[in-house]
Amino acid sequence: MTDSTTTPPRARFAPSPTGYFHVGSARAALDNWLFVRQHGGTFVLRIEDTDEARNRPEWTDGIISALDWLGMAPDEGPYFQSAQGDAHSAAIEALWESGALYACACTREEIDERTRQRAAAGDPTPGYDGFCRDLGLPRGDGRALRFRTPDEGVVDVHDLVRGDVEFPQRALEDFICVKGNGKALFVLANAVDDRTMAISHVIRGEDQLPTTPRQIMLWGALNRAEGVDLPLPAYAHLPLLVNEQGKKLSKRRDPVAVEMYRAQGFLPDAFRNYLALLGWSPGDEEIVPVAVILERFRLEDVQRSPAFFDVKKLSHMNGVYVRALSVDDFVAACRPWVDPVPGEWVPGAWADPDTGAPVVSPPAWPPERYDAGVFAALAEVVQERVTMLSEVPELVDFLFLADAPDDPDSWQKAIAGDEGAPQILADALAAYEACAWDKDALHEVTLGIAESVGRKLGKAQAPIRVAVLGRTRGLPLFDSLAVLGRDETCRRLAAALARVTPAP
RNA sequence: GGCCCCAUCGUCUAGAGGCCUAGGACACCACCCUCUCAAGGUGGCGACACGGGUUCGAAUCCCGUUGGGGCUGCCA
């Protein structure tokens, strides 16, 4: 095992660019990053892009920008696995020369058929039966190369989170590690790259655990074939992130795109904090600055059972982080949602892969009506009412729209369906035209109206709220009116009044 | 089917044999606060999968059962 107390570790995050950045990947990246930061090591990013059919360059860009957003930019890389062909070929040559590999001409159908026959004969062992193992077939002709797995013995994986895991070699089939086209398969390419990049710690998802004994065998065979003695990396397999059904998070059916969470207005610190809590606990408190996580995180303490990715808890944490922002920082953080800058990152850029629709719409008001100073004046009361930044525009749209937002349900409930509403609106219009214009005065005056019509303030303010702000729920009324201004407030009151009491 | 992993409130977790009448957080419920909505405060509901051992003593150690999950591709 690598002595990490004397040699700074080198850990790698090795995603394949086949889609949006998966939250499970983000967690793996985080644990690598934390480990490396704690030990003064190097965080290497390696893009495993050898699946030409599925990978696309924009997914690589997505990985890089997501890591950047989360404050976990790599120290080294990105390296591209596709650029490591020479190293892969050299490894394949050495392995072949040493006799660790043999060519196999079996087709999938032939293998399956023989498996069926074995099963019928009472032998339940699945997988490849070693048919070509001693045939001495030459390479070429599109033949894949298999690794000759020992029939007896045990591969012991020393796992930093799980302890020793033993795999009996007789259960490990002769697996393919070179494709028929001569290219290395994942299991080999991954191990070879770890060797050439001098990786000391492999920290990845538990789904990779079953492939680890193969990589350990390959590592030993490579050492023998190349006449070197590279130390095996230390392995750590993190628990899977699962959905409500306890199944591994899937790109198809679960909301796993980090880009989507970013678009919805989750803060990177909150997101990272939540991710750290999946399978691990900082102790007394769970909402903690990254410095504390950095101080306390230990791979040995990572939970071994899967963790459910709970958006509700994430949302709660995000709300706490949002409220902890200074007003200035909050205003700045809201910019992409309330006043998107052309050419810069905008939330609407992320579209749902299934529907193609953006998860976040651009602001409802035209850009020229937006006023940063006006927004800032209400920012404090906005801040404590949102959990995600994408909720901000709807709270402040009344400030920047030409008229009160039109929400039929609210109108029906508070004005059309309330016979006392016209009176209240008329009283408010009269009073607001004359009173002092600040939130306390407005509060006072409105309270007077409420008393005069025999209602509690809570009930009396509803028609005014809907007439001016458009909805029954929203920001505190008097703060809002104070910022909107007397003229516009009165204009909207008059408009609402005209709408409920049509001229005879 | 085979191999491997896992098992504390609905969820994330604390718990390294006595500090456990099992703690916290999210969610949920109630109440308080209150100009709506939030936020905040107080309280409540709620778990050691089961069965055997080991031990004076087990959520913690061992075995088994059950349940869940992962892998089982010439994808990564």
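All values reported here derive from a predicted model rather than from experimental measurement. Naming: A, B, ... by sequence-line order, numbering from 1 per chain.
- Annotation for Arg170(A): atom CZ does not count as buried by contact number, only 12 or fewer foreign heavy atoms lying within 6.0 Å.
- Both Gly180(A) and Asp310(A) sit near RNA chain B, but only Asp310(A) has its closest nucleotide nearer the 5' end.
- Arg304(A) comes within 4.0 angstrom of sugar-phosphate atoms only, judged by non-hydrogen atoms across all strands, and of no base.
- Between Leu477(A) atom CG and Gln461(A) atom CD the span is 5.5 Å, to the nearest 0.5 Å.
- Pro213(A) comes within contact range of no nucleotide atom at all, as no heavy-atom separation falls under 4.0 Å.
- Arg323(A) comes within contact range of the sugar-phosphate backbone alone, with a heavy-atom separation under 4.0 Å but no base atom that close.
- Under the Watson-Crick or G-U wobble criterion, with both distances below 3.5 Å, C26(B) is paired with G10(B).
- Taking the charged nitrogens against the carboxylate oxygens, Arg162(A) and Glu206(A) do have a contact shorter than 4.0 Å, which makes a salt bridge.
- Separation of the C1' atoms belonging to C56(B) and A14(B) is 27 Å when rounded to the nearest angstrom.
- At a threshold of 4.0 angstrom between heavy atoms, the contacts of Leu475(A) include nucleobase atoms, whether or not backbone atoms are also involved.
- Between Asp194(A) and Arg12(A) a salt bridge is recorded (basic side-chain N to carboxylate O distance below 4.0 Å).
- Comparing the P positions of U66(B) and C50(B) gives a spacing of 16 Å, expressed to the nearest Å.
- Taking atom C1' on both nucleotides, G23(B) is separated from A59(B) by 13 Å, rounded to a whole Å.
- A distance of about 23 Å separates the P atoms of G70(B) and G64(B), rounded to the whole Å.
- A distance of about 49 Å separates the C1' atoms of A76(B) and G44(B), rounded to the whole Å.
- In terms of position on RNA chain B, the residue among Phe167(A) and Thr387(A) whose nearest nucleotide sits closer to the 5' end is Phe167(A).
- Across all strands shown, C3(B) forms a Watson-Crick or G-U wobble pair with G70(B), both key distances being under 3.5 Å.
- Salt-bridge check for Asp397(A) with Arg471(A): passed, with a basic side-chain N closer than 4.0 Å to an acidic carboxylate O.
- The side chain to side chain contact (heavy atoms under 4.5 Å, CB included) check on Ser305(A) picks up Gln303(A), with sequence neighbours excluded.
- A salt bridge is absent between Arg116(A) and Asp112(A); no separation between the charged side-chain nitrogens and carboxylate oxygens falls under 4.0 Å.
- Classification of Arg139(A) and Glu93(A) as a salt-bridged pair holds, one side-chain N sitting under 4.0 Å from a carboxylate O.
- Among the atoms of the strands shown, base atoms are found under 4.0 Å from some heavy atom of Phe478(A).
- Across all strands, Glu48(A) comes closer than 4.0 Å only to sugar-phosphate atoms, never to a base (heavy-atom distances).
- In this structure, Gln208(A) reaches the bases: a heavy-atom distance under 4.0 Å links it to at least one base atom across the strands shown.
- Within 4.0 Å (heavy atoms only), Lys247(A) reaches sugar-phosphate atoms of the nucleic acid but no base atom.
- Pro476(A) comes within contact range of at least one nucleobase, with a heavy-atom separation under 4.0 Å.
- Nucleotides A30(B) and C61(B), compared at atom P, are 40 Å apart to the nearest Å.
- Within 4.0 Å of Gly205(A), counting heavy atoms only, lies no atom of the nucleic acid at all.
- Searching all strands for a Watson-Crick or G-U wobble partner of U36(B) with both distances below 3.5 Å returns nothing.
- Residue contacts shown for Leu477(A) include a base, since a base heavy atom lies under 4.0 Å away.
- Remark: C61(B) base-pairs with G53(B); criterion is Watson-Crick or G-U wobble with both hydrogen-bond distances under 3.5 Å.
- Boundaries of the chain A contact region on RNA chain B are G1(B) to A76(B), first to last in 5' to 3' order (nucleotide atom under 4.0 Å from a heavy atom).
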Distance-only check: which donor-acceptor pairs under 3.5 Å involve side-chain atoms of residues 272-290 of chain A, not counting sequence neighbours?
| unit_1 | atom_1 | unit_2 | atom_2 | d |
| --- | --- | --- | --- | --- |
| Arg272(A) | NE | Leu70(A) | O | 3.4 |
| Arg272(A) | NH1 | Asp269(A) | OD1 | 3.4 |
| Arg272(A) | NH2 | Leu70(A) | O | 3.3 |
| Asn273(A) | OD1 | Val288(A) | N | 3.0 |
| Asn273(A) | OD1 | Tyr321(A) | OH | 2.5 |
| Asn273(A) | ND2 | Glu286(A) | O | 3.0 |
| Tyr274(A) | OH | Asp310(A) | N | 2.7 |
| Tyr274(A) | OH | Asp310(A) | O | 3.3 |
| Ser281(A) | OG | Gly283(A) | N | 3.1 |
| Asp284(A) | OD1 | Arg296(A) | NH1 | 3.4 |
| Glu286(A) | OE1 | Lys313(A) | NZ | 3.4 |
| Glu286(A) | OE2 | Lys313(A) | NZ | 2.7 |

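- In this structure, Arg471(A) reaches neither bases nor backbone, as no heavy-atom distance under 4.0 Å exists between it and the strands shown.
- Nucleic acid contact for Gly458(A): sugar-phosphate only, since backbone atoms but no base atoms lie under 4.0 Å from a heavy atom of the residue.
- With both pairing distances under 3.5 Å, C31(B) is matched to G41(B) as a Watson-Crick or G-U wobble pair.
- Spacing of P atoms, U36(B) relative to G69(B), comes out at 47 Å, to the nearest Å.
- Counting non-hydrogen atoms under 4.0 angstrom, Thr50(A) reaches the backbone sugars and phosphates but no base.
- When the C1' atom is compared between A27(B) and C71(B), the two are found 33 Å apart, to the nearest whole Å.
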